[in-house]
Number of protein chains: 2
Amino acid sequence: MISCPKCSEVGSIMKAGYVRNKQRYVCKDCNYFFTLSNPDQITPRKNSRRHQTTIIDIARSTGVSNSTVSRALHGHADISPETRNAVLEMAALLDYQPNQLAYNLVKSRTNTIGMIVPEFTNSFFPNIIIGAHELLTEAGYNLTIMQSNESYPIEVSNTKAMLANRIDGLLISLTQETNNYDHLKVFEKRGIPLVLFNRVCDYVSAPKVVVNDFEGSFLAVEHLILNGYERIAHLGGPLNLLVSRERLRGYRAAMEKYGKSIEENMVIQGMFSQQKARIYGKYLLDLENRPDAIFAVNDSSAIEIMLMALEKGIRIPDELGVVGFSDNPESAYIGPGLTTIRQPTNAIGKTSAQWVLQLIESEEEMILPNEKVLKTELVVRGSSRRKDF
Amino acid sequence: MISCPKCSEVGSIMKAGYVRNKQRYVCKDCNYFFTLSNPDQITPRKNSRRHQTTIIDIARSTGVSNSTVSRALHGHADISPETRNAVLEMAALLDYQPNQLAYNLVKSRTNTIGMIVPEFTNSFFPNIIIGAHELLTEAGYNLTIMQSNESYPIEVSNTKAMLANRIDGLLISLTQETNNYDHLKVFEKRGIPLVLFNRVCDYVSAPKVVVNDFEGSFLAVEHLILNGYERIAHLGGPLNLLVSRERLRGYRAAMEKYGKSIEENMVIQGMFSQQKARIYGKYLLDLENRPDAIFAVNDSSAIEIMLMALEKGIRIPDELGVVGFSDNPESAYIGPGLTTIRQPTNAIGKTSAQWVLQLIESEEEMILPNEKVLKTELVVRGSSRRKDF
DNA sequence: TTGTAAGCGTTATCAA
DNA sequence: TTGATAACGCTTACAA
């Protein structure tokens, strides 16, 4: 008695013509075609619970070898159109889906780029993801995204997972907690392409994609000064991040250039969070001699400040100028509109992705500029435009 | 001469004590420890370009077998603490990173959930992703996200890629183009858990996570009516999507309940896109006898309408009431604030993720309610609140 | 043009 | 408590 190699059924086997001079059978139960080239192939493969059809199934059913099937499937040359068609037909018939896992294992590449971002509650990182995603998809790569949630331990475990999954390259933007970079150096040591973006650091020799935070901040503060604000506070980010330091530097440079003295109690550096923004914002607005303008490290903080000013009845922009950074979607609409520095988020994603692909495709260690700096843009809205200026 | 099994170097091999009565060596060049249990293991493994250390490397260096290493690494019982420690030490020394690919292949599961969303330009899907991501991470699963960009062919190729990568389960929200569901039925046939969310359809027997679009819309329109609006237009979505149909149904039901006649030229169904919103918005606002309120299928469209009204000098809410759907972040801030229906995005993600995990973990085909309906919430803001009401 | 067989890095089933 | 050895599904020399 012949049993179906796929579903083990014995009662429903029928003859189904000849292939390459061998009797072909079909199992009416599971619609599986096969030949019996060799008696011990009659026994079904074990562990067949939810068996997905493999190359071997196709090989058996068509009466050719695995390698021939593989070649046919990949449109290799040196294969007779006749057998190729037979294989392709059978593949369709058996509803064959290649097993990427096995492919990846033997090729030891996955065609997948990993991306780790600290958060995606703001639209900032999602927009970067969109950019990277577009470019990678076009290039035939998959993108696996992980989120570190601004936590260093999670970031470390994320990189471990990426490593374990043998991604071909990694795009990463660091958490605000990250001060140790050993988990990134592993990538260097392994020769796995790595690109840092936005939240970068100096201590790892990987390419970095950033924006001109210094200039952006300089322009922002200069704009406030040119609108007649004198005592400008800065609500900054955590200083272990280069972005925070650069934006602080831009602030100081602008103040200095225009001969404004900086009151150090009005320069605050802190973690990114809505709660922190409220605390620092309250502090600044409650100062006995409160600033007449605030340059915030990002739009979320700036918006918190605007809302608090509203509550307190402080008029914007007359009594208080506010400028943010990043141009969140809500910034255009809040109150008189929030003046801000627009970041080319899509381009950040695209640039980073392109770079990591270049690193992958270039066999040699490339000698490359280690940093790409994209341009920001000052977007002037109502929160900083005084009528009398 | 002994050559290093890892880097093939011959000049830098030194003796390094004894392990299990075998001479141990170390390659000073690549810091690789090994023993020579068997003469033909002297030859380095070929294809060693960028060789990542494997279980076999550890086995050789420690002088035990693969299986023992595997067991030690997984903290199996039945292993002497002595050898376990030796293995673990060596693993750390050689900087071993497990190869998830191989693991997945033999286990034929990936611990990865796939997620396909039509877009993430709005904050809507990112927020759902956040919810799903949180729950999945906690459960020890990875999340692979793909974006169909509202394109049916891309959606199909995405599902193929997911299948090829042997994800353990899929969460999907359909594109506005999708009218054929064969690519989803494959999952059914293969027994791969599938959960539809938000953009669902009736033609595939998979669990669905949706919100009460009907009630939400009903409340939105009722709210407009109770604020004295009479001639309410509806700017709807593509009708092949259940959400669009449900929201339309809610609109009609509310109008009917309050005895308002619907002017059919003021009910428009169209694709989601900013451009379309502008075109339809212009049409509605330019009508000779224009509506006194518009209920839009989503906030993006509603916002476009508000902006156009602003341009045309139509006062909101006095001359025109506007209500959207979803509560985008910018909706709170635009003009007098956009009244909208808030969707529990985080919960949508979490619920879908939880469901797919349940399906994975339950061996049996579960008998389950086929749909979960989450609650929406009316958020009243200035765009619909008439002073005289 | 096709087949054979080794190898990718694991886990799992037997024996020892 | 350990070690061989056979899978997992695929690609690819090398042989025929």
Side-chain angles (χ1 to χ4, degrees), chain A residues 19-21 37-38 45-60 62-87 91 94 96-111 163-166, chain B residues 19-21 37-38 43-60 62-87 91 94 96-111 163-166:
Chain A
V19 173
R20 334 190 110 250
N21 293 328
S37 47
N38 176 329
R45 310 172 71 195
K46 66 176 178 176
N47 216 1
S48 66
R49 196 181 72 89
R50 265 180 200 168
H51 172 69
Q52 321 237 114
T53 72
T54 72
I55 276 191
I56 300 182
D57 295 323
I58 302 178
R60 286 185 188 166
T62 326
V64 299
S65 77
N66 311 347
S67 29
T68 304
V69 173
S70 174
R71 283 188 280 252
L73 253 25
H74 291 313
H76 249 251
D78 289 352
I79 185 163
S80 81
E82 185 187 345
T83 53
R84 210 234 318 282
N85 288 340
V87 167
L94 299 185
Y96 169 76
Q97 292 287 348
N99 187 329
Q100 193 71 30
L101 262 40
Y103 179 91
N104 291 343
L105 182 60
V106 53
K107 289 288 204 178
S108 71
R109 72 196 308 261
T110 53
N111 259 275
L163 237 31
N165 281 297
R166 297 296 192 270
Chain B
V19 173
R20 333 190 114 249
N21 294 327
S37 49
N38 177 326
T43 45
R45 310 171 71 193
K46 66 176 179 180
N47 214 2
S48 67
R49 195 182 72 90
R50 265 181 202 169
H51 172 69
Q52 321 238 112
T53 72
T54 73
I55 276 191
I56 299 181
D57 295 322
I58 301 178
R60 285 186 189 166
T62 327
V64 298
S65 77
N66 312 348
S67 19
T68 303
V69 173
S70 175
R71 281 189 282 251
L73 253 25
H74 290 314
H76 247 253
D78 289 352
I79 186 163
S80 79
E82 185 188 347
T83 52
R84 208 230 322 281
N85 288 340
V87 167
L94 298 185
Y96 169 75
Q97 293 287 348
N99 187 326
Q100 192 74 30
L101 261 42
Y103 180 91
N104 291 344
L105 181 60
V106 55
K107 288 289 204 178
S108 70
R109 74 198 305 261
T110 53
N111 260 276
L163 239 29
N165 282 297
R166 296 297 192 268

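Within every chain, numbering begins at 1; the chains are lettered A, B, ... in the order of the sequence lines, protein sequences first and strands thereafter. All of these numbers come straight from a predicted model, not from anything done at the bench.
Pairing each heavy atom of A/Thr53 with each of A/Leu94, the nearest pair is CG2-O, 3.2 Å.
Listed by chain and number, the residues in a side-chain hydrogen bond (donor to acceptor under 3.5 Å, both in side chains) with A/Ser70 amount to none (sequence neighbours excluded).
Whole-Å rounding puts the A/Arg84 CZ to C/dT2 P distance at 10 Å. Counting to the nearest Å, the C1' atom of D/dG9 and the CG atom of B/Asn165 are 14 Å from each other. Whole-Å rounding puts the A/Asp78 CG to D/dA15 C1' distance at 15 Å. Atom CD of A/Glu82 is separated from atom C1' of C/dT2 by 13 Å (rounded to the nearest Å). Put simply, CG on B/Leu105 is 13 Å from C1' on D/dA6, counting in whole angstrom units.
With D/dT1, C/dC8, C/dT4 as the choices, the nucleotide that has an atom nearest any side-chain atom of A/Ser65 turns out to be C/dT4.
Summary for the helix from C/dT1-D/dA16 to C/dA16-D/dT1: the axes at its two ends, each from 5 pairs, differ by 40° when rounded to the nearest 10 degrees.
Rounding to the nearest 0.5 Å places CD of A/Gln100 at 11.5 Å from CG of A/Leu105. Interatomic distance, CG of A/Asn99 versus CD of A/Gln52, reported as 8.0 Å (0.5 Å rounding). Interatomic distance, OH of A/Tyr96 versus CG of A/Asp57, reported as 9.5 Å (0.5 Å rounding).
Proximity of A/Lys107 to A/Asn104: side-chain heavy atoms (C-beta onward) are nowhere separated by under 4.5 Å.
Side chain of A/Thr110 to main chain of A/Arg166: a donor-acceptor pair is present (N/O by atom type, distance under 3.5 Å, no hydrogens or angles). For B/Thr62 (side chain) and B/Val64 (main-chain N/O), no donor-acceptor pair under 3.5 Å exists by modelled atom type.
Across all strands shown, B/Ile79 has heavy atoms under 4.0 Å from sugar-phosphate atoms exclusively, and none from any base.
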Please produce a list of atom pairs where a protein N or O lies less than 3.5 Å from an N or O of nucleotides 10-14 of chain D.
from: D/dC10; atom 1: OP1; to: A/Tyr96; atom 2: OH; distance (Å): 2.6
from: D/dC10; atom 1: OP1; to: A/Asn99; atom 2: N; distance (Å): 3.2
from: D/dC10; atom 1: OP2; to: A/Ile55; atom 2: N; distance (Å): 2.7
from: D/dT11; atom 1: OP1; to: A/His74; atom 2: NE2; distance (Å): 2.3
from: D/dT11; atom 1: OP2; to: A/Ser70; atom 2: OG; distance (Å): 2.7
from: D/dT12; atom 1: OP1; to: A/Lys107; atom 2: NZ; distance (Å): 2.5

